[in-house]
There are 2 protein chains.
Amino acid sequence: MGYSVGQVAGFAGVTVRTLHHYDEVGLLHPSSRSHAGHRRYDDADLDRLQQILYYRELGFPLDQVAVLLDGPATDPREHLRRQHELLTARIAELTRMAAAVERAMEARKMGINLTPEEKFEVFGDRDPEEYAAESERRWGGTHSYQESQRRIAGYGKEDWRRMRDEITAWGARYRALMEAGGAPGSEAAMELAEAHRQHISRWFFDCHRKIHEGLAEMYVTDPRFRAYYQSIHPGLPEHLREAIRANAGRAAG
Amino acid sequence: MGYSVGQVAGFAGVTVRTLHHYDEVGLLHPSSRSHAGHRRYDDADLDRLQQILYYRELGFPLDQVAVLLDGPATDPREHLRRQHELLTARIAELTRMAAAVERAMEARKMGINLTPEEKFEVFGDRDPEEYAAESERRWGGTHSYQESQRRIAGYGKEDWRRMRDEITAWGARYRALMEAGGAPGSEAAMELAEAHRQHISRWFFDCHRKIHEGLAEMYVTDPRFRAYYQSIHPGLPEHLREAIRANAGRAAG
DNA sequence: GCTTGCACCTCACGTGACGTGAGGACGGAA
DNA sequence: TTCCGTCCTCACGTCACGTGAGGTGCAAGC
């Protein structure tokens with residue numbers, strides 16, 4: 001019953017040392033130990049390892065993976081869905097990079113010399129600071145703001161990229177919803193509103209539904225946020241506001 | 001004239017420290033220093049940095065990046081082409097992973113329990129050992145074999161993955177060539193044969209054209225290699241052998 | 001003329017995710 | 001009984017930087 005480190009390492013394509021490490025840092029404790037102190041992994045452990053490897057492949061640091069996996073009440077299906085979103089976003093990003101390489105080749109063929117900014121466009125991040133500054137005016141001094149700042153301070157370049165990947169994937173889903181004519185009160189729209197709320201909770205501050213409704217209002221009135229969400233779809237700000245309200249109402253009712 | 005560390009860091013989306021590091025390890029020495037000892041980067045430096053960032057994004061360790069960039073007579077266009085190939089391969093890999101996630105979701109919905117092997121299929125590597133063992137019988141004791149073993153010993157899991165990505169990308173190109181009806185003697189085929197040779201030179205041992213012709217013979221006669229190349233396209237082994245011969249002949253003539 | 005501020009410099013130690021032995025215990029096969 | 005393979009626990013090494021500490025050069029404001 002159960003599998004040894006060697007076996008698990010075998011079909012997961014990782015080293016034994018990696019499994020030891022995950023045990024050390026508390027990311028994956030084998031469900032039991034044999035008489036001789038040997039690690040024994042069961043099927044649930046393997047499922048967890050699978051999730052770990054997906055998140056790791058997506059570039060998450062191990063402590064973040066632990067937060068994701070041990071976070072409040074996230075079932076396996078939710079993880080798989082998120083992983084799929086993130087993979088899709090990553091694919092989109094690489095596709096953009098491939099396109100940039102093609103453009104660079106074209107430019108070379110034509111003998112055009114790109115400006116430095118153009119050369120590195122594809123690597124750019126640019127905006128997060130704006131958001132932080134913008135939020136400061138709105139939320140300065142509140143608890144949400146402070147927690148947000150505290151968390152943001154710990155984020156590196158990679159974290160920002162993943163954050164962007166997540167919201168990019170979310171945007172793609174929301175646009176698809178709107179193009180399919182989905183109503184703000186529909187199940188799918190409320191689900192995306194909920195995903196939006198959880199995105200904020202994960203990355204910035206504990207965003208409960210009341211605060212979320214406040215943000216929703218801001219997305220239609222504040223020009224900067226409005227511009228961002230409109231870049232995904234022209235009617236998105238209003239649509240999202242209604243979806244957030246519906247989602248908040250659902251939870252209250 | 002030229003750009004400062006801060007400027008370069010700015011539009012390349014990296015930190016100043018990263019540029020310092022690349023200078024330290026000899027990956028990117030700025031073309032000059034100012035009177036005060038400040039680093040000055042020119043347009044050629046920026047081009048190099050761009051290449052570095054692409055290869056880094058693709059997961060290459062910095063010393064390998066240095067080898068790639070300072071390797072024998074590789075012009076910028078060749079780099080861009082290779083980067084495009086690698087990106088395409090990476091996209092294909094992520095697409096496979098996304099498909100695997102979809103399958104996992106399906107399995108969960110249906111309540112099916114996958115075997116451990118099935119769970120981790122997508123992470124698997126499996127084969128490199130076989131190749132090494134196989135090569136040993138053929139090339140044991142020769143200089144090529146020893147150099148190959150020496151290099152292989154230094155490769156980690158990531159290296160193998162990139163190696164596979166490269167050959168996967170190459171396989172896709174070769175299959176496309178054959179599906180388009182390209183002859184073994186055509187320019188495109190010889191170019192791919194040359195790419196194949198360089199792949200071996202980069203990852204295993206200095207494969208000059210005589211040795212390459214020997215390998216070509218092996219690809220049609222040895223069942224293991226034959227099976228591998230046939231998995232890309234049924235007629236590939238013979239086609240590749242002729243292309244390699246043509247390419248070797250071209251260089252000799 | 002002097003401070004202030006900013007972007008730059010060079011050490012040099014810290015970190016995350018393992019790699020890589022060292023030295024030893026356990027259990028099945030020859 | 002002696003191997004052999006797999007497992008164990010330290011514990012130091014590595015790679016690509018992060019993160020201060022402490023100092024320099026130079027333009028702008030007082």
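Below, each value reflects all heavy atoms present in this structure, side chains not excepted, and no hydrogens, waters or symmetry copies. Just so we're on the same page: letters track the sequence lines, and every chain starts at 1.
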At a cut-off of 3.5 Å, list every protein nitrogen or oxygen paired with a nitrogen or oxygen from nucleotides 1-3 of chain D, distance to 0.1 Å.
none

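For the OP1/OP2 pair of C:dA17 and a distance below 4.0 Å, the side-chain nitrogens and oxygens of A:T18 include no atom meeting the criterion. In this structure, B:T15 does not reach the D:dC17 phosphate: none of its side-chain N or O atoms is under 4.0 Å from OP1 or OP2. OP1 or OP2 of D:dC8 lies within a sub-4.0 Å distance of a side-chain N or O belonging to A:H20. OP1 or OP2 of D:dC17 sits under 4.0 Å from a side-chain N or O of B:Y22.
One interatomic measurement links the two molecules: NE2 of B:H21 to C1' of D:dT19, which rounds to 15 Å at whole-angstrom precision. Rounded to whole angstrom, the span from the CG atom of B:D23 across to the C1' atom of D:dC17 amounts to 14 Å. For the pair B:L27 CG and D:dA16 P, the computed distance is 9 Å after rounding to whole Å. Between the CD atom of B:Q64 and the C1' atom of D:dC15 there is a distance of 14 Å, given to the nearest Å. In this entry the distance linking CG of A:L28 with P of C:dC18 reads 12 Å, nearest Å. Nucleotide C:dA17 holds its C1' atom 13 Å from the CG atom of A:L19, rounded to whole Å.
Using a 4.0 Å cut-off between a side-chain N of Lys or Arg and a carboxylate O of Asp or Glu, B:D70 and B:R48 qualify as a salt bridge.
Nearest-nucleotide positions on DNA chain C place B:S4 closer to the 5' end than the other of B:S4 and B:E24. If B:R17 and B:G6 are placed on DNA chain C by their nearest nucleotide, the residue sitting closer to the 5' end is B:G6. Nearer to the 5' terminus of DNA chain D, by closest-nucleotide assignment, is the contact made by A:Q7 (compared with the other of B:F60 and A:Q7).
For the residue pair B:Q51/B:Q83, the side-chain donor-acceptor check at 3.5 Å is satisfied.
Nucleic acid contact for A:V5: sugar-phosphate only, since backbone atoms but no base atoms lie under 4.0 Å from a heavy atom of the residue.
Contacts of residues 33-51 of chain B with DNA chain C (heavy atom under 4.0 Å): B:R33, B:G37, B:H38, B:R39.
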Review point. Can B:L19 and B:R39 be said to form a side chain to side chain contact (heavy atoms under 4.5 Å, CB included), step by step?
Key: CA-CA 10 Å; B:L19 295 174; B:R39 293 170 177 82; 5.8 Å; no

Point to revise | Full working for salt bridge (charged side-chain N to carboxylate O under 4.0 Å, His left out) between A:R90 and B:E57 | key: CA-CA 12 Å; A:R90 188 88 182 98; B:E57 182 77 23; 2.9 Å; yes

Practice item. In sequence, state the C-alpha distance, the side-chain angles, and the governing distance for B:R82 and B:E85, and then conclude on salt bridge (charged side-chain N to carboxylate O under 4.0 Å, His left out). Key: CA-CA 5 Å; B:R82 186 149 69 210; B:E85 278 177 35; over 6 Å; no

Exercise for review: Please assess B:R108 against A:D47 for the test salt bridge (charged side-chain N to carboxylate O under 4.0 Å, His left out), listing each intermediate value before the final yes or no.
Suggested key: CA-CA 11 Å; B:R108 256 178 205 281; A:D47 282 345; 3.4 Å; yes

Donor-acceptor list for residues 96-104 of chain B side chains, cut-off 3.5 Å, not counting sequence neighbours:
| from | atom 1 | to | atom 2 | distance (Å) |
| --- | --- | --- | --- | --- |
| B:E102 | OE2 | A:H84 | NE2 | 2.6 |

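The aromatic rings of B:W203 and B:F60 sit tilted, their planes meeting at an angle between 30° and 60°.
Within a 6.0 Å sphere centred on CZ of B:R33, heavy atoms belonging to other residues, nucleotides or ligands number more than 12.
You'll find that the side chain of A:L62 is closest to C:dC18, out of D:dC17, C:dC18, D:dC7.
When all heavy atoms of B:A12 and B:L49 are compared, the pair lying nearest together is CB-CD2, 3.8 Å.
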